[in-house]
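What follows is a single structure, written as structure tokens, with notes after it.
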Amino acid sequence: MVQLTRRRLLQGAGTTAVAATGLTGCLGRGSGSLDSLTIAYVPIYPNMQHYVMEQEGYYENVVAEVTIERFSSGPSVVKAFASGDVDVALFGITPAMVLVDKGTDAGVLAANSRNGFKVVGTTELADRYEQEGAATFELFEEEHGRKVQFGAPPDGSVPDIVLRYWLQEDLAVGKMKSVIDKSKVPPAKAVQTIQSGDIDATIIQEPFATIIGQEDGFGELAWSGNILENHPVTVLFANQQVLDDSEVAQSLVEQHVAATEFTESSPDAAAAHAASLIGSGVSEDLATAAMDSKASEFVSNPHAITDQAATMGEFVANVGNIEEPIATENLFAFDPYDASQK
């Protein structure tokens, strides 16, 4: 756990001055004022803004005392968020849907990343897909007497939803269970699992996609930005107490936007920040190389992901993780971002 110094008075000009002077009039003050908030994150590459905000000191410009907690997985953050132990989280869009579906008063303040996966497989599979396209799966089964073995995170996770959409809607080859055999493989173990020959393919995020791309024997079948254009991966999600304190909410969004801008202008420095906090074998060289990937796209604007979030919500509901797709107005809290752009 890391606790950061609080700055009630924001310094300097630009967006921080807006937060200090014009924020209450823009959004309307909530019923309570937050003195502190706990921000949770899962140490994955798509949460790039968090690494920049922590290492560059941007959290110090949030007008509340910030405590940071690291979690090993999305489900563990969901549990902590639901119990009230966490006020803000950087994690996948689908855990955010699950929390809202279960009645948690919260909303997405900003996007973090989008278009963040590659479908990769053995050279045999990739070459066949290049030649045969959607027919690859049927032909593979005829030749090998089994379905293509895919490794992917659990049902309802962001990559699982994109994989389902690819097979069912983009390729129109049928529902996932009828087309492939899927085994649960965490992103950090996907490289080792495909290298060992236990799976034929995986849908994988950076920087792990870069590792596989650098090795012989593997190739890329598809990029998720072509499968479901502009689909969200991770988001900045906040509870109702944060949303009600307009000053805190807007200052948090402003620092998130600043982190996105830093990542765009100084990608190598952002990558170094990510490597220093992620650990788990993610070196600075690897994190820097992954910045060049088309699966590394970092954004703040929540409006940029709403349409595809709605599409993904239909699949999350089909899997059974939520009762029904979450309406955009119930999932997103646009006011802090919109006010920060005035």
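Reckoned from all heavy atoms, side chains included, excluding hydrogens, waters and symmetry mates.
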More than 12 non-hydrogen atoms from neighbouring residues, nucleotides or ligands closer than 6.0 Å to CD on Glu132, yes or no?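 Check passes, neighbour count above 12.
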I'd like to know whether CD of Glu130 has more than 12 heavy-atom contacts from other residues, nucleotides or ligands below 6.0 angstrom.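 Open.
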Listed partners of [X] passing salt bridge (Lys or Arg N to Asp or Glu O under 4.0 Å), at least two apart:
{"X": "Lys177", "value": "none"}
{"X": "Asp101", "value": "none"}
{"X": "Asp87", "value": "none"}
{"X": "Glu141", "value": "Lys147"}

Counting C-beta onward and ignoring hydrogens, is there a side-chain heavy-atom pair between [X] and [Y] closer than 4.5 Å?
{"X": "Thr193", "Y": "Thr202", "value": "no"}
{"X": "His273", "Y": "Leu277", "value": "no"}
{"X": "Leu34", "Y": "Asp244", "value": "no"}
{"X": "Ile305", "Y": "Val235", "value": "yes"}
{"X": "Phe237", "Y": "Phe81", "value": "yes"}
{"X": "Asp216", "Y": "Thr123", "value": "no"}

Under the 3.5 angstrom rule, does the side chain of [X] hit a backbone N or O of [Y] as a donor-acceptor pair?
{"X": "Ser293", "Y": "Ala289", "answer": "no"}
{"X": "Ser178", "Y": "Gly174", "answer": "no"}
{"X": "Thr122", "Y": "Leu125", "answer": "yes"}
{"X": "Asp245", "Y": "Val248", "answer": "yes"}
{"X": "Arg70", "Y": "Ile278", "answer": "yes"}
{"X": "Tyr45", "Y": "Met291", "answer": "yes"}
{"X": "Asp105", "Y": "Gln240", "answer": "no"}
{"X": "Gln308", "Y": "Glu229", "answer": "yes"}

Provide the full list of ring pair (Phe, Tyr, Trp, His ring centres under 6.0 Å) pairs with a residue in residues 115-136, sequence neighbours left out, each pair given once.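 For residues 115-136, and leaving out neighbouring residues, the ring pair (Phe, Tyr, Trp, His ring centres under 6.0 Å) pairs sorted by first residue read Phe117-His231, Tyr129-Trp166.
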Report the hydrophobic cluster partners of Val299, with the cluster defined as I, L, V, M, F, W, Y residues connected by side-chain heavy atoms closer than 4.5 angstrom, directly or transitively.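 None; Val299 is a cluster of one.
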Under 4.5 Å side-chain linkage, directly or through intermediates, the cluster mates of Ile212: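 ILVMFWY cluster around Ile212 also holds Val120, Val191, Ile194, Ile199, Ile204, Phe208, Ile211, Phe218, Leu286.
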For [X], enumerate each residue passing the side chain to side chain donor-acceptor pair (under 3.5 Å) test, keeping only those at least two apart in sequence or located in another chain.
{"X": "Glu297", "value": "Arg114, Asn115"}
{"X": "Gln341", "value": "none"}
{"X": "Ser73", "value": "Ser76"}

Below 6.0 angstrom between ring centroids: does that apply to His256 and Tyr59?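 Between Tyr59 and His256, which both carry aromatic rings, the centre distance is not below 6.0 Å.
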Report whether Leu99 and Leu243 are members of the same hydrophobic cluster (ILVMFWY, side-chain heavy atoms less than 4.5 Å apart, transitive linking).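 Different clusters.
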Going only through I, L, V, M, F, W and Y residues with side-chain contacts under 4.5 Å, is there a path from Val119 to Val185?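 Not linked; separate clusters.
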Of the non-hydrogen atoms in [X] and [Y], which two are nearest, and what is the gap between them?
{"X": "Asn239", "Y": "Val86", "result": "ND2-O, 3.9 Å"}
{"X": "Pro153", "Y": "Asp160", "result": "O-CB, 4.0 Å"}
{"X": "Tyr51", "Y": "Ile44", "result": "OH-O, 2.7 Å"}
{"X": "Ile227", "Y": "Ala222", "result": "CD1-CB, 4.0 Å"}
{"X": "Val77", "Y": "Phe71", "result": "CG2-CB, 3.4 Å"}
{"X": "Ala209", "Y": "Lys118", "result": "CB-CD, 4.0 Å"}

Return yes if a side-chain donor-acceptor contact under 3.5 Å exists between Thr234 and Ser113, otherwise no.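 The criterion, which ignores hydrogens and geometry beyond distance, is satisfied for Ser113 and Thr234.
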Is [X] salt-bridged to [Y], cutoff N-O under 4.0 Å?
{"X": "Lys189", "Y": "Asp198", "result": "no"}
{"X": "Lys294", "Y": "Glu220", "result": "yes"}
{"X": "Glu169", "Y": "Lys175", "result": "no"}

I would like to know whether Glu215 and Gln195 meet side chain to side chain donor-acceptor pair (under 3.5 Å); could you show each step before the answer? CA-CA 9 Å; Glu215 294 198 357; Gln195 287 173 336; 2.6 Å; yes
Exactly one of Asn112, Val233, Thr263, Val52 should register a side chain to side chain contact (heavy atoms under 4.5 Å, CB included) with Phe298. Which one does?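 Of the listed residues Asn112, Val233, Thr263, Val52, the side chain to side chain contact (heavy atoms under 4.5 Å, CB included) partner of Phe298 is Thr263.
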Start with the C-alpha distance between Ser246 and Gln250, add both sets of side-chain angles, then the distance that settles side chain to side chain donor-acceptor pair (under 3.5 Å), and finish with yes or no. CA-CA 6 Å; Ser246 56; Gln250 187 172 331; over 6 Å; no
Can you give the donor-acceptor pairs under 3.5 Å from side chains of residues 309-334 to other protein atoms, not counting sequence neighbours?
unit_1	atom_1	unit_2	atom_2	d
Thr311	OG1	Asp307	O	3.4
Asn318	ND2	Glu314	O	3.2
Asn321	ND2	Asp155	O	3.3

Pairwise salt bridge (charged side-chain N to carboxylate O under 4.0 Å, His left out) hits with a residue in residues 255-283, at least two apart: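 Matches after skipping sequence neighbours: none remain.
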What verdict does the side chain to side chain donor-acceptor pair (under 3.5 Å) test give for Asp338 and His303, after you've listed the backbone C-alpha separation in whole Å, the side-chain angles of each residue and the deciding distance to 0.1 Å? CA-CA 9 Å; Asp338 292 344; His303 297 284; 2.8 Å; yes
Under the criterion side-chain contact (heavy atoms from CB on, under 4.5 Å), I'd like the reasoning laid out for Val253 against Val257: C-alpha separation, chi angles, the key distance, then a yes or no. CA-CA 6 Å; Val253 170; Val257 171; 4.3 Å; yes
Please report the C-alpha distance between Asp170 and Arg164 in whole Å, then the side-chain angles of each, then the deciding distance to 0.1 Å, and finally whether the salt bridge (Lys or Arg N to Asp or Glu O under 4.0 Å) criterion is met. CA-CA 9 Å; Asp170 191 44; Arg164 290 172 188 273; over 6 Å; no
